[in-house]
Protein chains: 2
Amino acid sequence: MQQDQPQAKEQVILAAARKRFAYYGFSKVTMDEIASDVGLAKPSLYYYFPTKEKLFRAVIGHEQEKFTRDIELMLKKEAPAGQKLREYVDMRIRLFRELVNLSALGVQSWAEVSSIFGDLFTRLEEQELKLLHAVLLAGKGTGELELVNPAQTAKLILHVLHGLRVRTFSTARPPHVENGTYADLKKDSDHLIDLLLKGMTRQSSH
Amino acid sequence: MQQDQPQAKEQVILAAARKRFAYYGFSKVTMDEIASDVGLAKPSLYYYFPTKEKLFRAVIGHEQEKFTRDIELMLKKEAPAGQKLREYVDMRIRLFRELVNLSALGVQSWAEVSSIFGDLFTRLEEQELKLLHAVLLAGKGTGELELVNPAQTAKLILHVLHGLRVRTFSTARPPHVENGTYADLKKDSDHLIDLLLKGMTRQSSH
DNA sequence: CTTCGACTATTTTACCTAACAAGTCGAAAA
DNA sequence: TTTTCGACTTGTTAGGTAAAATAGTCGAAG
């Protein structure tokens, strides 16, 4: 067994942890449970991850990488900025639905998660702001979008999308959310980005 | 003393209750405290209001009347729909800042308040939706605004404004909020309504 | 009609303790 | 050397209990 790659064992632990954290939340999951899930004793977990917090941070780190990578891939494709924004909004909802732990960071359903791991949320925001800002800048550069201050607009869009998410999940924490709730969020988000794009898009000549 | 108008005593109790509820929240305030504030014994409060809940509902009722009345007054004035919307957004922030108990209903800072008094929040939403819808309809009627579905757009605007509020006050409950927080909310809200109006406003001929 | 002292019933709080959970260590196994 | 884990320590949490607090009541007084 000593010829196993350590990274493989880490991945197994991360997957098990990710699953439990997503379902029960950080504070309700015990290291004993995760250890049992992967067929180890608890002290063995600490061989790979020095603290429960660091395990959770690793889980978040992985989810954030996937989130960012998927969005970046999408944004790399040649398309008008408006189309990218629309796709971004929908993809964002889908990704947050899938990456439950990452999603919970921004929704503040768990108070202790938000205060201890607030830096993680801040980092996610900064990354999203960068991506969104780039899209708006590109749209302005091609003349597609008419923007006075793309950075401010990107920030606003993020705040508004965040607000919609927070209000939506204020009474039910993922994954205990009904499909209708996601449908409502998508409807609002799509409608919103349509309207915002209408206000940002340079008018073609009459 | 028995010639005093009962309504005057009720108003005194309501004012004292409103002040305490706003500062400490529904559950932390005792009927003994309110009684002492108005110079009565606790059983005397129950002479005017049969339960603590009904006292709180009366407080909310009064705040909601003021909220609705002020906004209605403003909307009655002759002005373009866009200007009304802008003024509405700013006035909304100011009123919620002043009417702390009403504000808390929508922000869900107190879990028990939200579940017991959720019907009050729903009623407020319905009233706002009516007002906003009327503004959008009028703007569409004059040709100022270009809208496919004014009711849907009114609902979206309310959801988005609510989301901005919820995310803003997720970590500090009014009245324990700093001025900078209000300034940020106003900035986002103004910027948002500007952009939305840009998307809704019928373009003048070039 | 209005007020309130005394009271009841329920809820909340404070306190205590056992159980639980994060983390550690030395030793064994691989 | 790396990986694993039984036994352990330390701090936190959960549950139970009694006391205190609070919503609400009632009869009597003004």
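In this text, all values refer to a predicted model and were calculated from it rather than measured experimentally. Throughout, protein chains are lettered first and strands after them, A, B, ... in sequence-line order, and every chain is numbered starting at 1.
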**OP:** Quick one: list whatever passes side-chain contact (heavy atoms from CB on, under 4.5 Å) with B:T142, sequence neighbours left out.
**Re:** B:E144

Check: protein-nucleotides 23-29 of chain C nitrogen or oxygen pairs below 3.5 Å:
unit_1: C:dG23; atom_1: OP2; unit_2: A:Y46; atom_2: OH; d: 3.3
unit_1: C:dG23; atom_1: OP2; unit_2: A:K52; atom_2: N; d: 2.6
unit_1: C:dG23; atom_1: N7; unit_2: A:K42; atom_2: NZ; d: 3.2
unit_1: C:dG23; atom_1: O6; unit_2: A:K42; atom_2: NZ; d: 3.0

**OP:** Measure the distance from CG on B:D32 to P on D:dA21 and round it to the nearest whole Å.
**Re:** 11 Å

Original post:
Taking only residues at least two apart or on different chains, which pairs with a member in residues 72-84 of chain B satisfy side chain to side chain donor-acceptor pair (under 3.5 Å)?
Top reply: none

**OP:** Starting at atom OH of B:Y24, determine the distance to atom C1' of D:dT22, rounded to an integer number of angstrom.
**Re:** 17 Å

Subject >> Residue pairs involving residues 38-52 of chain B (criterion salt bridge (Lys or Arg N to Asp or Glu O under 4.0 Å); sequence neighbours excluded) >> reply: none

Original post:
Among all residues two or more places apart in sequence or in another chain, which pass the salt bridge (charged side-chain N to carboxylate O under 4.0 Å, His left out) test with A:R92?
Top reply: A:E128

**OP:** Write down the distance between CG (A:L45) and C1' (D:dT4), rounded to a whole number of angstrom.
**Re:** 11 Å

Original post:
OP1, OP2 of D:dC5 versus side-chain N and O of A:S44: anything below 4.0 Å?
Top reply: yes

**OP:** Mind checking the CD1-OH spacing from A:I93 to A:Y88? Nearest 0.5 Å is all I need.
**Re:** 10.5 Å

Using the 3.5 Å cut-off, write out each protein N or O paired with an N or O of nucleotides 9-13 of chain D and the distance between them.
none

Got a list of side-chain donor-acceptor pairs under 3.5 Å for residues 145-161 of chain A, not counting sequence neighbours?
unit_1: A:N149; atom_1: OD1; unit_2: A:A151; atom_2: N; d: 3.2
unit_1: A:N149; atom_1: OD1; unit_2: A:Q152; atom_2: N; d: 3.1
unit_1: A:T153; atom_1: OG1; unit_2: A:N149; atom_2: O; d: 3.1
unit_1: A:H159; atom_1: ND1; unit_2: B:D188; atom_2: OD1; d: 3.4
unit_1: A:H159; atom_1: ND1; unit_2: B:D188; atom_2: OD2; d: 2.7

Original post:
Phosphate oxygens OP1/OP2 of D:dA14: is one of them under 4.0 Å from a side-chain N or O of A:K28?
Top reply: yes

Original post:
What pairs with B:K187 under salt bridge (charged side-chain N to carboxylate O under 4.0 Å, His left out), at least two apart in sequence or on another chain?
Top reply: none

**OP:** Return the value, rounded to whole Å, for the distance between atom CD1 of B:I34 and atom P of D:dG24.
**Re:** 11 Å

Original post:
For the pair made of NZ in A:K9 and C1' in D:dT4, what is the distance, rounded to whole Å?
Top reply: 9 Å

Subject >> salt bridge (Lys or Arg N to Asp or Glu O under 4.0 Å) evaluation trace for A:D70 with A:K66 >> reply: CA-CA 6 Å; A:D70 283 9; A:K66 177 172 167 55; 2.9 Å; yes

**OP:** Quick one: list whatever passes side-chain contact (heavy atoms from CB on, under 4.5 Å) with A:S36, sequence neighbours left out.
**Re:** none

Original post:
To the nearest Å, how far apart are B:Y48 OH and D:dG24 P?
Top reply: 18 Å

**OP:** Quickly work out the A:F56 CZ to C:dA21 P distance and round it to whole Å.
**Re:** 18 Å

Original post:
What is the distance, rounded to the nearest whole Å, between atom CZ of B:F49 and atom C1' of D:dA23?
Top reply: 16 Å

